[in-house]
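Down below is the structure, laid out as structure tokens.
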Amino acid sequence: ICDRFIDSTLAYQVYGKGVNKYLVDSIHKYILGSIKPNLTFILKTNISKAMQRLKKRKKKNRYDKFSKNFYIRVQKAFLEISKTDKKKYVIVDNSLDTSETEKIIFRKFITFFNRWK
């Protein structure tokens, strides 16, 4: 279980920051070989609401300071990436409160795990 992986690099670095996709794909292939996640959760949210959440954080990282347009590009990238494999990607509405979002993710994970094993 990992909270960030290949798709995050693509969304943030390639589509958000404009890093060369071929370079990122080559690095992933070199380092990871054929390792890929079986299941990926994508949290979809209202960008304005997300920006409000970021402003409330006491401790900010460098990504917390990027523009609203950056986050719009990143979310669009995640949604486009998710279209490549409907069975692997689960899109979860992250505009709900945190505990509800966690419950949804947990239930979907358990369902996936029970089918997978």
Side-chain angles (χ1 to χ4, degrees):
I1 296 177
C2 178
D3 74 341
R4 301 269 193 258
F5 206 58
I6 295 170
D7 298 327
S8 291
T9 305
L10 288 174
Y12 281 88
Q13 302 302 323
V14 174
Y15 297 100
K17 299 285 282 173
V19 174
N20 182 287
K21 186 177 184 314
Y22 175 78
L23 173 66
V24 171
D25 288 342
S26 297
I27 292 169
H28 283 155
K29 187 174 182 178
Y30 179 77
I31 293 171
L32 300 170
S34 62
I35 297 172
K36 293 187 179 181
N38 297 325
L39 178 66
T40 300
F41 290 96
I42 295 178
L43 303 179
K44 181 180 176 186
T45 192
N46 175 294
I47 298 297
S48 295
K49 193 171 191 176
M51 298 305 288
Q52 289 172 350
R53 288 179 184 169
L54 289 176
K55 286 179 184 177
K56 291 179 184 177
R57 283 191 187 168
K58 292 178 183 167
K59 189 174 182 181
K60 295 188 182 347
N61 65 47
R62 68 186 186 104
Y63 285 98
D64 296 342
K65 298 171 186 170
F66 289 149
S67 72
K68 184 176 181 178
N69 286 335
F70 171 83
Y71 289 106
I72 290 170
R73 289 192 307 273
V74 169
Q75 181 162 265
K76 283 181 182 177
F78 274 119
L79 296 175
E80 284 302 311
I81 291 167
S82 75
K83 292 177 183 177
T84 63
D85 187 345
K86 300 273 185 190
K87 293 178 185 175
K88 175 186 158 186
Y89 292 96
V90 177
I91 298 171
V92 178
D93 180 358
N94 193 27
S95 62
L96 305 170
D97 72 36
T98 303
S99 63
E100 281 303 307
T101 302
E102 290 170 354
K103 288 175 190 174
I104 292 167
I105 291 170
F106 183 74
R107 284 193 304 264
K108 290 184 183 279
F109 172 76
I110 294 300
T111 300
F112 174 83
F113 183 77
N114 287 332
R115 283 187 304 198
W116 182 65
K117 63 179 183 170

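- Here the closest heavy-atom approach between residue F41 and residue I105 is recorded as CZ-O, 3.6 Å.
- Side-chain contact between V24 and I27: absent, with no pair of heavy atoms (C-beta onward) separated by less than 4.5 Å.
- Of all the heavy atoms in S82 and I42, the pair that sits closest is CB-CD1, 3.5 Å.
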Could you pull out all donor-acceptor pairs under 3.5 Å where a side-chain atom in residues 46-59 meets a protein atom, sequence neighbours excluded?
{"from": "N46", "atom 1": "OD1", "to": "S48", "atom 2": "N", "distance (Å)": "2.9"}
{"from": "N46", "atom 1": "OD1", "to": "K49", "atom 2": "N", "distance (Å)": "2.9"}
{"from": "S48", "atom 1": "OG", "to": "K68", "atom 2": "NZ", "distance (Å)": "3.0"}
{"from": "K49", "atom 1": "NZ", "to": "S95", "atom 2": "O", "distance (Å)": "2.8"}
{"from": "R53", "atom 1": "NH1", "to": "N94", "atom 2": "O", "distance (Å)": "3.3"}
{"from": "R53", "atom 1": "NH2", "to": "N94", "atom 2": "O", "distance (Å)": "2.8"}
{"from": "R57", "atom 1": "NH1", "to": "D64", "atom 2": "OD1", "distance (Å)": "2.7"}
{"from": "R57", "atom 1": "NH1", "to": "D64", "atom 2": "OD2", "distance (Å)": "3.1"}

Give the C-alpha distance, both sets of side-chain angles, the deciding distance and a yes or no for side chain to side chain contact (heavy atoms under 4.5 Å, CB included) between V14 and L23. CA-CA 9 Å; V14 174; L23 173 66; over 6 Å; no
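- A side-chain donor-acceptor contact under 3.5 Å links Q75 to the backbone of T45.
- Using a 4.5 Å heavy-atom threshold, the side chains of V19 and Y12 count as separate.
- Around atom NZ of K60, more than 12 heavy atoms belonging to other residues, nucleotides or ligands sit under 6.0 Å away.
- The two residues R73 and Y15 come nearest to each other via the heavy atoms NE-O, 3.5 Å.
- Shortest non-hydrogen contact noted between D7 and Y89 is OD2-OH, 2.9 Å.
- When the shell of 6.0 Å around NZ of K88 is examined, it contains more than 12 heavy atoms from other residues, nucleotides or ligands.
- Considering only heavy atoms from C-beta on, F113 stays 4.5 Å or farther from L39 through its side chain.
- Side-chain contact between T40 and F5: absent, with no pair of heavy atoms (C-beta onward) separated by less than 4.5 Å.
- Closest approach of T101 and D93 over heavy atoms only: OG1-O, 3.9 Å.
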